[in-house]
Amino acid sequence: QVQLVESGGGLVQAGGSLRLSCAASGRTNYAMGWFRQAPGKEREFVATISWGSSMRVYADSVKGRFTISRDNAKNTMYLQMNNLKPEDTAVYYCAGSRAGIIRNVRGADYWGQGTQVTVSS
């Protein structure tokens with residue numbers, strides 16, 4: 001049984017940084033990604049990474065500010081978020097896909113419970 005657990009969220013001022021982690025248990029040999037959902041909005045794609053880290057894709061809104069990575073030895077994926085903006089405020093979800101990198105919510109087979117990120121102006 002696959003379990004994904006996010007951590008690292010919190011409150012930060014605009015321009016600050018946070019690093020999110022997603023710890024995986026059970027089967028772990030799949031592509032992973034980050035999504036986020038702001039109040040009243042649909043869940044949206046943030047970034048995705050292949051199993052071997054050879055492929056990484058970012059949403060245009062975070063390109064150049066966020067970096068996705070993973071350490072398969074630790075069964076953990078990360079999202080380094082720099083130069084945070086108030087519009088980055090959302091619940092951030094970790095996702096996994098057996099079929100490859102994930103660019104939309106329908107592509108995910110596994111989800112974490114989410115971690116709140118709040119960026120104050």
Side-chain angles (χ1 to χ4, degrees):
Q1 184 176 356
V2 173
Q3 274 195 315
L4 303 175
V5 179
E6 303 95 334
S7 61
L11 173 64
V12 64
Q13 287 189 329
S17 299
L18 282 175
R19 187 175 83 153
L20 304 183
S21 299
C22 173
S25 60
R27 176 180 175 174
T28 58
N29 57 331
Y30 42 79
M32 299 183 75
W34 290 97
F35 290 75
R36 65 186 181 186
Q37 188 166 18
K41 294 189 176 181
E42 293 186 349
R43 193 170 298 188
E44 67 174 8
F45 166 74
V46 175
T48 184
I49 186 168
S50 60
W51 161 246
S53 301
S54 60
M55 187 174 296
R56 309 180 198 209
V57 181
Y58 298 91
D60 288 343
S61 58
V62 306
K63 206 171 292 184
R65 300 188 298 122
F66 291 11
T67 301
I68 190 170
S69 62
R70 66 190 296 168
D71 184 340
N72 290 338
K74 296 181 179 179
N75 295 333
T76 303
M77 176 182 66
Y78 305 97
L79 185 69
Q80 178 66 44
M81 306 186 294
N82 298 328
N83 190 21
L84 282 160
K85 304 176 180 180
E87 51 263 42
D88 294 319
T89 296
V91 177
Y92 283 70
Y93 295 91
C94 167
S97 170
R98 299 187 300 268
I101 58 171
I102 323 163
R103 303 189 204 210
N104 59 72
V105 296
R106 290 184 300 276
D109 298 303
Y110 316 111
W111 290 99
Q113 82 291 348
T115 186
Q116 176 71 46
V117 171
T118 303
V119 184
S120 63
S121 57

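Any value given below was found using the heavy atoms of this structure, including those in side chains, with hydrogens, waters and symmetry copies removed. Just so you know, residue 1 is the first one in the sequence shown, and it goes up from there.
A distance of 12.0 Å separates SG of Cys94 from CD of Gln3, quoted to the nearest 0.5 Å. Remark: Ile68 CD1 to Arg56 CZ distance equals 8.0 Å, nearest 0.5 Å. Distance check, rounded to the nearest 0.5 Å: CZ of Phe66 to OG of Ser17 gives 9.5 Å. The distance from the SG atom of Cys22 to the CG atom of Asn75 is 10.0 Å, given to the nearest 0.5 Å. Taken to the nearest 0.5 Å, the OG atom of Ser121 stands 9.5 Å off from the CD atom of Gln13.
Between the Arg43 side chain and the Val91 main chain, no donor and acceptor come within less than 3.5 Å of each other. Panel note: side chain Thr115, backbone Glu6; no donor-acceptor pair is recorded below 3.5 Å. Of the possible polar contacts, none joining the Gln113 side chain to the Val5 backbone as a donor-acceptor pair under 3.5 Å is found. A distance-only check finds a donor-acceptor pair linking the side chain of Thr48 to the backbone of Met32 [under 3.5 Å]. Of the possible donor and acceptor atoms, one in the side chain of Asn72 sits under 3.5 Å from a partner among the backbone N and O of Trp51. The backbone N or O of Gln80 lies less than 3.5 Å from no partner atom in the side chain of Thr67, so there is not a single donor-acceptor pair.
The shortest non-hydrogen separation linking Ala90 to Ala38 is CB-N, 3.8 Å.
The aromatic rings of Phe35 and Phe45 stand perpendicular to each other, their planes meeting at an angle above 60°, with 30° marking the opposite boundary. Taking the six-membered ring where tryptophan is involved, the planes of Trp111 and Tyr93 are perpendicular, since the angle between them exceeds 60° and thus also 30°.
Under a hydrophobic-cluster definition in which Ile, Leu, Val, Met, Phe, Trp and Tyr are linked whenever side-chain heavy atoms come within less than 4.5 Å, directly or via other members, Val12 and Leu20 are assigned to the same cluster. Linking Ile, Leu, Val, Met, Phe, Trp and Tyr residues whenever their side-chain heavy atoms come within less than 4.5 Å leaves Val57 and Met77 in two separate clusters.
Side-chain atoms of Arg19 and Tyr78, non-hydrogen and from C-beta on, do get closer than 4.5 Å to each other. Within the 4.5 Å cutoff, the side chain of Val46 has no heavy atoms near those of the Met81 side chain. The side-chain heavy atoms of Arg36 and Thr89, taken from C-beta on, include no pair separated by under 4.5 Å. Looking at Arg65 and Asp88, their side chains come closer than 4.5 Å, going by heavy atoms from C-beta outward. Two residues are said to be in side-chain contact when any heavy atoms from C-beta on lie closer than 4.5 Å; Leu79 and Val62 fail this criterion. Looking only at side-chain heavy atoms (C-beta outward), Ile49 and Trp34 stay at 4.5 Å or farther from each other.
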